[in-house]
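For reference, positions follow the sequence shown, starting with 1.
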Amino acid sequence: MAKPHIAIIIGSTRDTRFADKPAAWLFEKCQLREDMTFELVDLRMVDLPFFNEVASNMWAQSQDPSAVAWQSKLATFDGYIFLTPEYNHSIPGSLKNALDQAYKEWNRKPMAAMGYGGVGASRAIEHLRGIGIELQMVPLRSAVHLGGSEFLKVSHLGQNLPMSAVDQILSHPLDSMLNELVWWAAATMAARNRA
């Protein structure tokens, strides 16, 4: 069986986002794995309008070419890692819109998350897991939370140190998350292939 191919989806599109720094760190760490392949997917580079279809593509084919292209891209992946900040105890609107623009392509695949901010985006990730369940994904228990003093070490709001300054704190949660992810990706790939 082929190695699982995993999307790392950058959920924030703000001009002043912090996401680029942890995204580069996450992508670099993930590429050290030999049991999965990874691709960065930046929502800034995805031309998605606000969801305006008659229904999700589970029930009616999407008409907007950008939505169809997004669905085609998502279909190439065997699982997802969402990188998200926390906006008002939830995920950014750009990420929610990207999730809403597809349905079938998310189904029966694992989803992991890395969050950053004051509380490591813990509430946003909890909300994201609920959305994932509705989209028939397999939300993982383990996540990576870059929060509190560790966030301030690497953020421009604090010391703005390189991400290596938090390696020791984040490496164990990252390993746990990726180990869960490869297990669920292999299991769901096998099940989808049987179906």
Student: For Glu28, which residues count as a salt bridge (Lys or Arg N to Asp or Glu O under 4.0 Å) partner, sequence neighbours excluded?
Tutor: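 Residues passing salt bridge (Lys or Arg N to Asp or Glu O under 4.0 Å) with Glu28: none at all.
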
Student: Side-chain heavy atoms under 4.5 Å apart, restricted to Ile/Leu/Val/Met/Phe/Trp/Tyr: what other residues fall into the cluster of Trp70, or is it alone?
Tutor: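 Trp70 clusters with Ile9, Val41, Leu43, Val46, Leu48, Met58, Trp59, Leu74, Phe77, Tyr80, Phe82, Ile91, Leu95, Leu99, Tyr103, Trp106, Met111, Leu128, Ile131, Leu135, Met137.
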
Student: How far does CD1 of Ile6 sit from CG of Leu178, to the nearest 0.5 angstrom?
Tutor: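 Rounded to the nearest 0.5 Å, the CD1-CG separation comes out at 9.0 Å.
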
Student: Stepwise, does the side chain to side chain donor-acceptor pair (under 3.5 Å) test hold for Tyr87 with Ser12?
Tutor: CA-CA 10 Å; Tyr87 294 173; Ser12 174; 3.1 Å; yes

Student: Got a sec, which residues hit side-chain hydrogen bond (donor to acceptor under 3.5 Å, both in side chains) with Glu180, two or more places apart in sequence or on another chain?
Tutor: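 Residues passing side-chain hydrogen bond (donor to acceptor under 3.5 Å, both in side chains) with Glu180: Ser142.
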
Student: Same hydrophobic cluster for Trp184 and Ile133, using side-chain heavy-atom links shorter than 4.5 Å among ILVMFWY?
Tutor: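 Each belongs to a different hydrophobic cluster.
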
Student: With a 4.5 Å cut-off on side-chain heavy atoms, are Leu174 and Met114 touching?
Tutor: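 Counting from C-beta outward, Met114 and Leu174 never come under 4.5 Å.
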
Student: Could I get the full list of side-chain hydrogen bond (donor to acceptor under 3.5 Å, both in side chains) partners for His127, not counting sequence neighbours?
Tutor: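 His127 satisfies side-chain hydrogen bond (donor to acceptor under 3.5 Å, both in side chains) with Ser90 once adjacent residues are dropped.
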
Student: Can you tell me how far apart CD (Gln63) and CG (Asn57) are? Round to the nearest 0.5 Å.
Tutor: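 Taking CD in Gln63 and CG in Asn57, the distance rounds to 11.0 Å.
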
Student: Might you confirm whether atom CD of Gln61 has over 12 heavy atoms from other residues, nucleotides or ligands at distances under 6.0 Å?
Tutor: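 Open: at most 12 neighbouring heavy atoms sit under 6.0 Å from CD of Gln61.
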
Student: Between the main-chain N or O of Met189 and the side-chain N or O of Asn193, is there a donor-acceptor pair closer than 3.5 Å?
Tutor: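 Side chain of Asn193 to backbone of Met189: a pair is present.
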
Student: When rounded to the nearest 0.5 angstrom, what distance separates CE in Met177 from CG in Leu140?
Tutor: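 Reported value, rounded in 0.5 Å steps: 7.5 Å.
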
Student: Report the residues that fulfil side chain to side chain contact (heavy atoms under 4.5 Å, CB included) with Ser149, sequence neighbours left out, ordered by chain and then residue number.
Tutor: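 Result, side chain to side chain contact (heavy atoms under 4.5 Å, CB included) vs Ser149: none returned.
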
Student: Test: salt bridge (charged side-chain N to carboxylate O under 4.0 Å, His left out). Region: residues 7-26. Which pairs qualify, not counting sequence neighbours?
Tutor: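 Matches after skipping sequence neighbours: Arg17-Asp20, Arg17-Asp42.
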
Student: In chain order, what residues pass the salt bridge (Lys or Arg N to Asp or Glu O under 4.0 Å) check against Arg192, with sequence neighbours excluded?
Tutor: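 Per chain and number, Arg192 pairs via salt bridge (Lys or Arg N to Asp or Glu O under 4.0 Å) with Asp78.
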
Student: Would you sort out whether Phe38 and Ile81 count as a side chain to side chain contact (heavy atoms under 4.5 Å, CB included), showing the intermediate values?
Tutor: CA-CA 9 Å; Phe38 297 87; Ile81 301 173; 4.1 Å; yes

Student: Are the side chains of His145 and Pro173 in contact, using a 4.5 Å heavy-atom criterion?
Tutor: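 The answer is no, as the side chains (C-beta and beyond) never meet within the 4.5 Å cut-off.
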
Student: Side chains of Asp64 and Pro49: closer than 4.5 Å at any heavy-atom pair?
Tutor: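 In short, these two side chains touch, coming nearer than 4.5 Å.
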
Student: My understanding is that only residues two or more places apart in sequence, or in another chain, count here; which of them pass side chain to side chain contact (heavy atoms under 4.5 Å, CB included) with Asp35?
Tutor: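 Scan of Asp35 (side chain to side chain contact (heavy atoms under 4.5 Å, CB included), adjacent residues dropped) gives Arg33, Val182.
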
Student: List the atom of Tyr116, the atom of Ala19, and the distance in Å for their closest heavy-atom pair.
Tutor: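 In this case the closest contact between Tyr116 and Ala19 is OH-CB, 3.2 Å.
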
Student: State which residues pass salt bridge (Lys or Arg N to Asp or Glu O under 4.0 Å) with Lys104; sequence neighbours excluded, sorted by chain then number.
Tutor: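 In terms of salt bridge (Lys or Arg N to Asp or Glu O under 4.0 Å), with neighbours along the sequence ignored, Lys104 is linked to no residue.
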
Student: Are the side chain of Thr13 and the backbone N or O of Ser94 linked by a donor-acceptor pair below 3.5 Å?
Tutor: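 It does not hold such a pair.
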
Student: Group every Ile, Leu, Val, Met, Phe, Trp and Tyr by side-chain heavy-atom contacts under 4.5 Å, then state whether Phe51 and Val68 land in the same group.
Tutor: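 No, it is not one cluster - the side chains of Phe51 and Val68 are not joined through contacts under 4.5 Å.
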
Student: Evaluate Ser62 against Gln71 for side chain to side chain donor-acceptor pair (under 3.5 Å), listing each step before the verdict.
Tutor: CA-CA 9 Å; Ser62 298; Gln71 293 159 7; 2.7 Å; yes

Student: Applying salt bridge (Lys or Arg N to Asp or Glu O under 4.0 Å), name anything that partners Glu126, two or more places apart in sequence or on another chain.
Tutor: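 Residues passing salt bridge (Lys or Arg N to Asp or Glu O under 4.0 Å) with Glu126: Arg129.
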
Student: Hey, does Asp167 have a side-chain heavy atom less than 4.5 Å from the side chain of Ser164?
Tutor: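 Sidechains of Asp167 and Ser164: in contact.
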
Student: Just wondering, more than 12 heavy atoms not from Asn88 lying within 6.0 Å of its CG?
Tutor: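 At most 12 heavy atoms, drawn from other residues, nucleotides or ligands, come within 6.0 Å of this atom.
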
Student: With heavy-atom distances below 4.5 Å as the criterion, would you say the side chains of Val154 and Pro162 are in contact?
Tutor: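 Heavy-atom side-chain distance check fails, nothing below 4.5 Å.
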
Student: Could you tell me the separation between the CG atom of Leu83 and the CZ atom of Phe27, rounded to the nearest 0.5 Å?
Tutor: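 The CZ atom of Phe27 is 13.0 Å from CG of Leu83, to the nearest 0.5 Å.
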
Student: Mind checking ring pair (Phe, Tyr, Trp, His ring centres under 6.0 Å) for Phe151 and listing every partner two or more places apart, or none if nothing turns up?
Tutor: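 So Phe151 forms a ring pair (Phe, Tyr, Trp, His ring centres under 6.0 Å) with Phe18.
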
Student: Over all heavy atoms of both residues, which pair between Ala121 and Pro85 is shortest? Give the atoms and the distance, please.
Tutor: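 It is CB-C, 3.9 Å.
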
Student: Would you check if Asn160 and Ser155 make a side-chain contact, meaning some heavy-atom pair closer than 4.5 Å?
Tutor: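 Result no, sub-4.5 Å side-chain heavy-atom pair not found.
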
Student: Report yes if the side chains of Lys29 and Leu170 come closer than 4.5 Å at any heavy-atom pair, otherwise no.
Tutor: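 No. Closest side-chain heavy atoms not under 4.5 Å.
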
Student: Against Thr37, only a single residue in His5, Lys3, Gln31 fulfils side chain to side chain donor-acceptor pair (under 3.5 Å); can you say which?
Tutor: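 One option only clears the test, and that one is His5.
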
Student: Quick one, Ile125 and Ser122 - any side-chain contact, counting heavy atoms below 4.5 Å?
Tutor: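 With C-beta onward as the side chain, the pair stays apart.
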
Student: Can you see which heavy atom on Thr188 is nearest to which on Pro110, and at what distance?
Tutor: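 Heavy-atom minimum between the residues: OG1-CD, 3.5 Å.
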
Student: Considering only residues two or more places apart or on different chains, which pairs with a residue in residues 106-125 satisfy salt bridge (charged side-chain N to carboxylate O under 4.0 Å, His left out)?
Tutor: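 For residues 106-125, and leaving out neighbouring residues, the salt bridge (charged side-chain N to carboxylate O under 4.0 Å, His left out) pairs sorted by first residue read Glu86-Arg123.
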
